[in-house]
Novice: 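First the structure, then my questions, so here it is.
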Amino acid sequence: MPNALNSPALRSWIDILPDNDFPIQNLPFGVFETEERGPRLAVAIGGYVLDLYAASQLGFFSDLTELGDAQPKVFRRRSLNAFLRLGRPAWRAVRQRVSELLRHDEPRLRDHEEAVRECLLRQTEVQMLRPVKPANYTDFYSSIEHATNVGIMFRDPANALLPNWRWLPIGYHGRTSSIVASGTPIRRPNGQRKGPDEAEPTFGPSRQLDFELEMAFVVGTGSSLGSPVAIGNAEEHIFGLCLFNDWSARDLQSWEYVPLGPFLGKNFGSSLAPWVVTLDALEPFRVPGPAQEPAPLPYLAQHGEHNFDVHLEVALTPEGGPETTISRSNFGLMYWSMAQQLAHHTSNGCNLEAGDLYASGTISGTTPDSLGSMLELAWRGTRPLPLADGSERKFLLDGDTVTMRGHATKDGVRIGFGEVRGTVMPAL
């Protein structure tokens with residue numbers, strides 16, 4: 001079924017430009033609201049959102065037994081969580097039906113003006129919300145290029161990677177309450193910072209505010225406490241992927257992270273994109289990951305293509321100035337795959353819950369323009385980054401807006417992730 005929905009031959013009766021992120025082959029899920037309608041689940045198609053609650057009320061899903069008695073109320077929520085708990089058969093059934101309704105030769109929705117008016121709203125006329133309400137959040141550290149760069153800057157250039165890095169996907173448990181929807185301003189955090197030439201720490205606004213270019217996967221199917229998820233079954237628990245910005249205060253982080261890792265330098269804010277692209281939509285874009293040496297232990301050993309060829313970019317827009325694209329990277333570069341991350345995360349019996357969020361860690365490449373953080377792009381402030389307005393950045397300034405975008409292309413089909421955006425506000 002997923003292969004049929006991904007066919008490049010599919011066309012919609014809605015006009016969609018070739019560079020649009022949301023063709024009929026994509027159909028990502030999200031949550032929107034308007035003053036009149038309140039929060040509702042939706043699917044993106046071209047420049048529109050398809051209101052799943054309205055479609056359900058009009059009977060378009062009435063024969064989908066996979067939904068049971070959950071509709072239409074499951075589509076009138078502030079998050080995807082309840083829908084995710086229905087399971088993969090329900091997700092696929094809804095996506096399949098939406099694809100049918102939007103197909104160029106299907107009249108059921110197309111030829112009913114009132115139904116079109118009820119079900120389709122322009123994206124510019126709705127407010128997109130955070131797509132999931134994560135009960136748990138884990139941030140990984142799975143780009144070998146990023147980990148190597150950080151090790152060179154902060155530890156020993158000759159031994160940049162710690163001894164355990166190539167053996168397991170490193171991660172830490174983060175804070176869910178500060179994960180916000182795209183467009184939400186990010187307040188510069190206060191905290192303790194101590195420069196290399198300072199005798200004692202001081203308390204105040206971070207001087208080294210940064211972004212991290214990441215992707216996050218959303219858990220759709222949970223697991224039982226005490227029951228590890230085998231590597232071969234890991235992707236069955238993943239609903240889809242979205243863009244993620246893990247804002248970081250580097251001066252706070254470098255002072256506090258030994259011995260227990262990230263804390264106040266990370267938990268002040270993370271930005272989540274509004275659209276979750278399903279694994280089914282990404283099937284055509286699978287690629288092999290980097291060679292892993294040494295070979296992973298058996299519980300992490302995998303075969304086949306478990307990475308995804310997703311082009312990523314970061315743009316920085318100064319207050320009142322033009323946008324500058326400062327980084328171009330690719331999700332396919334990740335050393336540890338999502339399946340390996342999930343298998344390791346549950347290997348001790350830790351349970352998964354629907355809506356859990358697992359971020360990749362900074363996605364950096366091998367070239368200077370493919371680095372996924374200001375820390376690397378400006379090399380800890382020693383190589384200021386030029387912007388289009390003639391200014392430079394070592395780290396982010398108040399008023400700066402960071403926008404991340406991503407898409408995959410193959411056989412004339414573009415599967416996009418929209419964008420995740422946030423503007424830096426001054427510290428209180």
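Every heavy atom of this structure was used, including side-chain atoms; hydrogens, water molecules and symmetry mates were not.
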Novice: Check for me whether the distance between the ring centres of H311 and F331 falls short of 6.0 Å.
Specialist: no

Novice: So, for G265 and E256, which heavy atoms are closest and what is the spacing to 0.1 Å?
Specialist: N-OE2, 2.7 Å

Novice: Do E376 and S373 pair up side chain to side chain, a donor and an acceptor below 3.5 Å, judged on atom types alone?
Specialist: yes

Novice: Is the distance from the ring center of F75 to that of F61 below 6.0 Å?
Specialist: yes

Novice: Around Y48, counting heavy atoms of other residues, nucleotides and ligands shown, do more than 12 lie under 6.0 Å from its OH?
Specialist: no

Novice: In terms of side-chain geometry, is the basic nitrogen of R393 or D400 positioned less than 4.0 Å from the acidic oxygen of its partner?
Specialist: yes

Novice: Hey, are K266 and E212 close enough for a salt bridge, meaning a charged N less than 4.0 Å from a carboxylate O?
Specialist: yes

Novice: With heavy-atom distances below 4.5 Å as the criterion, would you say the side chains of P39 and L129 are in contact?
Specialist: yes

Novice: Any chance CZ of R175 has more than 12 other-residue heavy atoms, nucleotides or ligands included, within less than 6.0 Å?
Specialist: no

Novice: Quick check: does any side chain N or O of N307 sit under 3.5 Å from a backbone N or O of V287, one acting as donor and the other as acceptor?
Specialist: no

Novice: Taking side-chain contact (heavy atoms from CB on, under 4.5 Å) as the definition, give me every residue that meets it alongside R405, ordered by chain and number, with sequence neighbours left out.
Specialist: E313, A315, E323, T403, E419

Novice: Are more than 12 heavy atoms, taken from residues, nucleotides or ligands other than E319, located less than 6.0 Å from that residue's CD atom?
Specialist: no

Novice: Measuring only between side-chain heavy atoms, which start at C-beta, is Y299 closer than 4.5 Å to I231?
Specialist: no

Novice: Quick check: does any side chain N or O of R130 sit under 3.5 Å from a backbone N or O of L272, one acting as donor and the other as acceptor?
Specialist: no

Novice: Short question: side chain of R40, backbone of F32 - any donor-acceptor pair under 3.5 Å?
Specialist: no

Novice: More than 12 heavy atoms of other residues, nucleotides or ligands under 6.0 Å from CG of D15: yes or no?
Specialist: no

Novice: Sequence neighbours left out, what passes ring-ring contact (aromatic ring centres under 6.0 Å, His included) with F308? Give chain and number order.
Specialist: none

Novice: Would you call F244 and S270 a side-chain contact if the rule is heavy atoms closer than 4.5 Å?
Specialist: yes

Novice: Less than 6.0 Å separating the ring centroids of F417 and W275?
Specialist: no

Novice: Tell me, yes or no, whether the heavy-atom count around R286 atom CZ, taken from other residues, nucleotides or ligands under 6.0 Å, exceeds 12.
Specialist: yes

Novice: Do T325 and V314 have side-chain heavy atoms sitting under 4.5 Å apart?
Specialist: no

Novice: How would you list, by chain and number, every residue that makes a ring-ring contact (aromatic ring centres under 6.0 Å, His included) with F140, sequence neighbours excluded?
Specialist: none

Novice: I need the minimum non-hydrogen distance between V74 and L41, along with the two atoms involved.
Specialist: O-CD2, 3.8 Å

Novice: Strictly below 4.0 Å, N to O, side chains only: are E100 and R97 in salt-bridge contact?
Specialist: yes

Novice: Report the residues that fulfil ring-ring contact (aromatic ring centres under 6.0 Å, His included) with H112, sequence neighbours left out, ordered by chain and then residue number.
Specialist: none

Novice: Short question: side chain of D51, backbone of L121 - any donor-acceptor pair under 3.5 Å?
Specialist: no

Novice: With under 30° as parallel and over 60° as perpendicular, where do the rings of W165 and W336 fit, or are they tilted in between?
Specialist: tilted

Novice: Grab the two heavy atoms, one from E236 and one from T221, that are nearest each other, plus how far apart they are.
Specialist: O-OG1, 3.8 Å

Novice: Could you tell me whether R414 and D19 make a salt bridge, using a distance below 4.0 angstrom between a side-chain N and a carboxylate O?
Specialist: no

Novice: Please check: side-chain N/O of T184 versus main-chain N/O of V180, any donor-acceptor pairing under 3.5 Å?
Specialist: no

Novice: Run the side-chain contact (heavy atoms from CB on, under 4.5 Å) test against P163 and tell me which residues pass, sequence neighbours left out.
Specialist: none

Novice: Salt-bridged, E113 to R117, with N to O below 4.0 Å?
Specialist: yes

Novice: Once the angle between the rings of H173 and H345 is folded into 0 to 90°, is it parallel (under 30°), tilted (30 to 60°) or perpendicular (over 60°)?
Specialist: perpendicular

Novice: Of the non-hydrogen atoms in P284 and K410, which two are nearest, and what is the gap between them?
Specialist: O-NZ, 3.1 Å

Novice: Indicate, with yes or no, if the rings of F29 and F239 have centres closer together than 6.0 Å.
Specialist: yes

Novice: Which heavy atom of N190 sits nearest to which heavy atom of L252, and what is that distance?
Specialist: O-CD2, 3.6 Å

Novice: Identify, with sequence neighbours excluded, every residue that meets ring-ring contact (aromatic ring centres under 6.0 Å, His included) alongside F285.
Specialist: none

Novice: Hey, are the side chains of P296 and L168 touching, using non-hydrogen atoms and a 4.5 Å cut-off?
Specialist: no

Novice: Using a strict threshold of under 4.0 Å (side-chain N to carboxylate O), is an ion pair present between E66 and R92?
Specialist: no

Novice: Please check this pair: side chain of S337 against backbone of Y335, looking for a donor-acceptor N/O pair closer than 3.5 Å.
Specialist: no

Novice: Between S142 and P169 (side chain of the first, backbone of the second, donor and acceptor by atom type, cut-off under 3.5 Å), is there such a pair?
Specialist: no

Novice: Are the side chain of S364 and the backbone N or O of G372 linked by a donor-acceptor pair below 3.5 Å?
Specialist: yes

Novice: Short question: side chain of R110, backbone of H104 - any donor-acceptor pair under 3.5 Å?
Specialist: yes

Novice: By the definition side chain to side chain contact (heavy atoms under 4.5 Å, CB included), identify the one residue from L352, V218, L342 that meets it with I238.
Specialist: L342

Novice: Quick check: are there more than 12 heavy atoms from other residues, nucleotides or ligands sitting under 6.0 Å from CZ of F263?
Specialist: no

Novice: I'd like to know if the side chain of T324 reaches the main chain of I326, judged simply by a donor and an acceptor atom lying under 3.5 Å from each other, with no hydrogens or angles considered.
Specialist: no

